[in-house]
Amino acid sequence: MSDGWLALLQQALSLLFSLDPDVWSIISISFSVSFAALLITLVPSMVLGFVLAFAPFYGRWVITNLVQTLQSIPTVVIGLLVYLLLTRNGPLGDLKWLFTQEGMILGQMLICAPVLIALSQAAFTSVDRRAWETSRTLGASWCSAVWTVCRELRMPLLLAIVAAFSRILTEVGCSMMVGGNILNVTRNIPTAIALETSKGDFAQAIALGLVLLILALILNFALGSLRGKAMPRSH
C-alpha cells in the first residue's frame, strides 16, 4: 500500500474513532432512516409474501410478476416517483416531506417492500405445507400457524430481511432526489460517499465505506453462526 493510501486510511480511521460529529451524524441518519423503513415495511411485506405463497386467488400471478418487476426498477426512478408525489403540487405535497427524513423513509419503503415480498414468498413456497396444515388442524389460530411456519423458515426469512436492509442502506438515487443530501438532516452514507468523492475528500468517503464494510462482515458472520446452529448435527 502506497504512503498516500496509508495516510488516507489513517485519516479515515481517525474520523471514526475521534467521533467526528459530521461523520457520525451521517451514520446516525443513514441507519435510523433505513431501520425505520425496514420496520414499517417488514410485517405487511411478510404477510403479503405468505398470502402469495399459500392462498390461491384470482390475480395472484399478476401481483407476483408486478412485485418481481418492482425489484428491478432503478432506485433513481423510485426517487423520481416519490419526488413527484411529495412536490408542492403533488398529491402528497401537503405533508411537506420533500427533503426530509420522512420522505426518505417513504422512498426506502417502496424499495424495500418488493425485496421482502419476493424473498419471503419464495421462502414460504419452499416450506412443507404440512406444517401449516397440521397447525390449523390442531386448532391453532391463523397467527399462531403463521408463526409456526416462520419458525421453520427463520434462516431464509432472516436472509430476506438482511437483503432488504442492505438494498435500502446502500441505495443512492432515491435518497439523493428525495432527501436532497442536506448535512445533519438528510445526508446518509451513500450520498455522502458520492459527494465527498466528487469533492476529492476521500478520507471521509473511506471512513463511511468502512462502516458499510464492517456492517456487512458482522451480518455475514452472524448469519453464518445462526445457519450453523440451525443445521442438524451428525452423530
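Not measured: the values here are computed from a predicted model.
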Run the ring-ring contact (aromatic ring centres under 6.0 Å, His included) test against F202 and tell me which residues pass, sequence neighbours left out. none
Sequence neighbours excluded, which residues qualify as ring-ring contact (aromatic ring centres under 6.0 Å, His included) partners of F35? F165
What are the two closest non-hydrogen atoms of [X] and [Y], and how far apart are they?
X	Y	result
L153	A123	CD1-O, 3.4 Å
P114	V67	O-CG1, 3.5 Å
G49	S120	CA-OG, 3.6 Å
G103	L86	CA-CD1, 3.8 Å
C112	A164	SG-CB, 3.7 Å
A203	Q11	CB-OE1, 3.5 Å

Between [atom1] of [X] and [atom2] of [Y], what distance do you get to the nearest 0.5 Å?
X	Y	atom1	atom2	answer
S45	F50	OG	CZ	15.0 Å
Q121	L48	CD	CG	8.0 Å
L39	M109	CG	CE	11.0 Å
C174	L81	SG	CG	9.0 Å
L13	L210	CG	CG	6.0 Å
C150	E152	SG	CD	10.5 Å

State which residue, out of I26, D201, T191, fulfils the side chain to side chain contact (heavy atoms under 4.5 Å, CB included) condition with E196. D201
In this structure, which one of L16, I27, L15, N188 forms a side chain to side chain contact (heavy atoms under 4.5 Å, CB included) with L208? I27
Please check if [X] and [Y] belong to a single hydrophobic cluster, counting links between Ile, Leu, Val, Met, Phe, Trp and Tyr side chain heavy atoms closer than 4.5 Å.
X	Y	value
L98	V82	yes
V211	V23	yes
I111	L92	yes
L95	I105	no
F221	I214	no

What I'd like to find out is whether the side chain of [X] reaches to under 4.5 Å of the side chain of [Y], using heavy atoms alone.
X	Y	result
L116	L38	yes
L195	R187	yes
F124	V149	yes
S30	L169	yes
N220	L217	no
I168	V33	no
M46	L157	yes
V172	T75	no

Chi angles and distances behind the side chain to side chain contact (heavy atoms under 4.5 Å, CB included) call for L119, L159: CA-CA 8 Å; L119 293 180; L159 288 170; over 6 Å; no
If you apply the rule side-chain hydrogen bond (donor to acceptor under 3.5 Å, both in side chains), what do you find for D22 with S25, and how did you get there? CA-CA 5 Å; D22 288 342; S25 171; over 6 Å; no
Using side chain to side chain contact (heavy atoms under 4.5 Å, CB included), reason through T125 and F54 one step at a time and then give a plain yes or no. CA-CA 7 Å; T125 301; F54 277 81; over 6 Å; no
Report the C-alpha separation of Q101 and T186 in whole Å, then their side-chain angles, then the decisive distance to 0.1 Å, and conclude whether the side-chain hydrogen bond (donor to acceptor under 3.5 Å, both in side chains) test is met. CA-CA 6 Å; Q101 292 184 22; T186 59; over 6 Å; no
Can you run down the salt bridge (Lys or Arg N to Asp or Glu O under 4.0 Å) pairs that involve residues 94-115, sequence neighbours left out, and say none if there aren't any? none
Any sub-3.5 Å donor-acceptor pair from S72's side-chain atoms to T69's backbone N or O? yes
Between S28 and W24 (side chain of the first, backbone of the second, donor and acceptor by atom type, cut-off under 3.5 Å), is there such a pair? no
Surrounding CZ of F99 (heavy atoms of other residues, nucleotides or ligands, distance under 6.0 Å), is the total greater than 12? yes
Is atom CZ of F17 surrounded by more than 12 heavy atoms (other residues, nucleotides or ligands) closer than 6.0 Å? no
Start with the C-alpha distance between I193 and T197, add both sets of side-chain angles, then the distance that settles side chain to side chain contact (heavy atoms under 4.5 Å, CB included), and finish with yes or no. CA-CA 6 Å; I193 290 175; T197 301; 4.0 Å; yes
Dump the intermediate steps for side chain to side chain contact (heavy atoms under 4.5 Å, CB included) on I29 and V185, then the final yes or no. CA-CA 7 Å; I29 290 170; V185 179; 5.6 Å; no
Pair Q10, S14 - check side-chain hydrogen bond (donor to acceptor under 3.5 Å, both in side chains), show working. CA-CA 6 Å; Q10 290 175 341; S14 176; over 6 Å; no
